[in-house]
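Throughout, numbering of the chain's residues begins at 1 and tracks the sequence. Just the heavy atoms: all of them, side chains too, but no hydrogens, waters or symmetry mates, feed the values below.
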Amino acid sequence: MDYSNLEGYIFVDGQLVKWSEAKLHVLSHGLHYASSVFEGERVYGSKVFKEEDHTNRLIKSANTLGFNIPYNSNEISSIRKEVLKANKIEDGYIRPVAWRGSEMMGISAQQNTIHFALAAWKWPSYFSPEARLKGIKINVSKWRRPDPKTAPVNTKAAGLYMICTLSKHEAEAAGYDDSLMLDYRGYVAEATGANIFFVKDNEIHTPIADCFLDGITRQTVIKLAKQEGIKVVEKRLNLIDIKDYIECFVTGTAAEITPVRSIGENNYTPGKLCRFFINKYTELTLS
């Protein structure tokens, strides 16, 4: 579908506007220099999942990029409700985004207006646990997550996602569903839009989130595991290490809990723990 021409309303800079009228200027700093931050959120049964966590991260991301969103957390929450109500959405996806405007065109942008918009569209949870357990195929990307000294890696800054797009396009062109990205040191990092977990000996192992986003769904899975007495090991994983695991899954707001059936030549069998986390996460989103 064409996301520029859907029916409904989007909140832009203080008011609801018709979907097709939600626009920004072509010389917006956010477009040219990636001074933009966003969130990806889900609403289940009219309840925004982990709303406070997403709001706090959005505000923190903007602050890290050196600007303040012109709404506080309570106001952003009210805007979400307004948009969901206007579009009659009970199960869907929410995209808040903030960016620098067009008053200054150059690297410096101290005087630029900070714009804020929030859109939402219907997105049912359409995969059953059985369908998800089929798993996805992943390759290994040539692009790497950057050194924290070179980019604000703990934010959802728009510019950080170009290498993800490059990686995913390359993977899909080769017949894969997604791509595994290594970090700047060569350790396993994450998929293009989701964190990754591996399973063996009834333990889950996951890369240390020191140069990529520590996802809210990732944090949720770790909490669920600890509540159930499942050992969680956060460690540096070399690419050669991933052949030693029996299950693998990725986590994210869009991906939820999605098993992986292969990474390159390494095969996995989605099983007990994949099913456990899918079911537990589903229960949590509907509670």
Side-chain angles (χ1 to χ4, degrees), residues 39-45 47-54 57 91-94 123-138 156 164 168 176-181 187-210 212-237 241-263 266-287:
E39 277 295 316
E41 306 163 0
R42 292 288 289 271
V43 55
Y44 301 91
K47 180 182 177 182
V48 180
F49 187 64
K50 300 290 183 179
E51 180 176 18
E52 184 177 352
D53 292 341
H54 281 290
R57 188 171 68 183
D91 296 286
Y93 188 88
I94 304 169
W123 188 351
S125 184
Y126 49 84
F127 288 126
S128 66
E130 290 72 23
R132 289 186 204 170
L133 282 168
K134 180 181 177 182
I136 60 174
K137 293 171 56 182
I138 295 178
K156 282 188 76 70
C164 301
K168 193 167 180 67
Y176 294 90
D177 300 295
D178 204 352
S179 197
L180 176 67
M181 302 182 73
Y187 294 121
V188 172
E190 60 177 349
T192 60
N195 295 124
I196 193 162
F197 289 83
F198 297 91
V199 177
K200 69 176 179 181
D201 300 327
N202 207 42
E203 299 177 354
I204 59 171
H205 295 190
T206 189
I208 299 169
D210 61 354
F212 56 88
L213 199 66
D214 181 6
I216 291 170
T217 310
R218 176 184 185 273
Q219 296 171 37
T220 302
V221 164
I222 290 173
K223 183 177 180 180
L224 285 171
K226 291 180 177 179
Q227 288 174 344
E228 295 295 326
I230 299 169
K231 187 176 180 180
V232 179
V233 180
E234 297 183 71
K235 61 186 295 187
R236 307 210 189 283
L237 291 165
D241 297 331
I242 67 175
K243 66 180 176 57
D244 298 327
Y245 293 92
I246 59 172
E247 294 184 64
C248 176
F249 59 91
V250 296
T251 65
T253 297
E256 299 178 309
I257 313 293
T258 299
V260 174
R261 72 173 184 266
S262 66
I263 301 176
N266 301 291
N267 296 312
Y268 307 95
T269 302
K272 182 179 69 173
L273 284 186
C274 282
R275 183 181 293 276
F276 168 80
F277 285 112
I278 289 172
N279 290 334
K280 281 291 183 181
Y281 187 79
T282 301
E283 290 174 9
L284 194 60
T285 62
L286 299 177
S287 62

Novice: Do you know which two heavy atoms are closest between Met181 and Cys164, and how far apart they sit?
Specialist: SD-SG, 4.1 Å

Novice: Taking Arg218 first and then Glu190, would you say they form a salt bridge - that is, a charged N and a carboxylate O separated by under 4.0 Å?
Specialist: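 Salt bridge flag = no for Glu190 with Arg218.
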
Novice: Determine whether Phe276 and Phe249 satisfy the following criterion, ring pair (Phe, Tyr, Trp, His ring centres under 6.0 Å), listing intermediate values before the conclusion.
Specialist: CA-CA 12 Å; Phe276 168 80; Phe249 59 91; over 10 Å; no

Novice: Using a 3.5 Å distance criterion without hydrogens, assess whether the side chain of Lys50 forms a donor-acceptor pair with backbone atoms of Thr217.
Specialist: no

Novice: Is there a side-chain contact (heavy atoms from CB on, under 4.5 Å) between Lys231 and Asn202? Walk through the geometry before answering.
Specialist: CA-CA 8 Å; Lys231 187 176 180 180; Asn202 207 42; over 6 Å; no

Novice: Is a side-chain donor or acceptor of Asn195 paired with a backbone partner of Gly215 at a separation under 3.5 angstrom?
Specialist: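 Indeed, once roles are kept as given, a pair shorter than 3.5 Å links the two residues.
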
Novice: Quick check: does any side chain N or O of Lys226 sit under 3.5 Å from a backbone N or O of Val221, one acting as donor and the other as acceptor?
Specialist: no

Novice: Under the side-chain contact (heavy atoms from CB on, under 4.5 Å) criterion, do Asp210 and Arg236 qualify, and how do the steps go?
Specialist: CA-CA 10 Å; Asp210 61 354; Arg236 307 210 189 283; 2.9 Å; yes

Novice: Kindly compute the distance separating CG (Asn266) from CG (Leu180), expressed to the nearest 0.5 Å.
Specialist: 10.0 Å

Novice: Using a strict threshold of under 4.0 Å (side-chain N to carboxylate O), is an ion pair present between Arg57 and Glu41?
Specialist: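 Salt bridge absent between Glu41 and Arg57.
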
Novice: Side chains of Glu228 and Leu224: closer than 4.5 Å at any heavy-atom pair?
Specialist: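 Contact flag for Glu228/Leu224 side chains = no.
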
Novice: Between the side chain of Asn267 and the main-chain N/O of Ser262, is any donor-acceptor distance below 3.5 Å?
Specialist: no

Novice: Could you list the residues that satisfy salt bridge (charged side-chain N to carboxylate O under 4.0 Å, His left out) with Arg261, not counting sequence neighbours?
Specialist: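 By the salt bridge (charged side-chain N to carboxylate O under 4.0 Å, His left out) rule, Arg261 matches no residue at all.
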
Novice: Going from CZ on Phe277 to CD1 on Ile222, what distance comes out if it is rounded to the nearest 0.5 angstrom?
Specialist: 9.5 Å

Novice: Can any side-chain N or O of Glu234 pair as donor or acceptor with the backbone N or O of Ala209 at less than 3.5 Å?
Specialist: no

Novice: Hey, does Ile263 have a side-chain heavy atom less than 4.5 Å from the side chain of Cys248?
Specialist: yes

Novice: Quick one, Thr251 and Tyr281 - any side-chain contact, counting heavy atoms below 4.5 Å?
Specialist: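 The answer is no, as the side chains (C-beta and beyond) never meet within the 4.5 Å cut-off.
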
Novice: Donor-acceptor pair, distance only, cut-off 3.5 Å: does the side chain of Thr253 make one with the backbone of Gly40?
Specialist: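 Checked: pair present.
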
Novice: Do Glu247 and Phe198 come close enough that some side-chain heavy atom pair is under 4.5 Å?
Specialist: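 A side-chain contact under 4.5 Å is absent here.
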
Novice: Are any non-hydrogen side-chain atoms of Phe49 and Leu284 less than 4.5 angstrom apart?
Specialist: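 A side-chain contact under 4.5 Å exists here.
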
Novice: Considering residues, nucleotides and ligands other than Gln227, do more than 12 of their heavy atoms fall under 6.0 Å from its CD?
Specialist: yes

Novice: Would you call Val250 and Asp178 a side-chain contact if the rule is heavy atoms closer than 4.5 Å?
Specialist: no

Novice: Does a side-chain heavy-atom distance below 4.5 Å link Val199 with Cys274?
Specialist: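 Side-chain contact under 4.5 Å: no.
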
Novice: More than 12 foreign heavy atoms under 6.0 Å from NZ of Lys200: is that the case here?
Specialist: yes

Novice: Does Asp91 use its side chain to pair, donor to acceptor, with the backbone of Trp123 at less than 3.5 Å?
Specialist: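 No.
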
Novice: Taking the side chain as C-beta and beyond, is there a heavy-atom pair between Tyr245 and Val260 under 4.5 Å?
Specialist: no

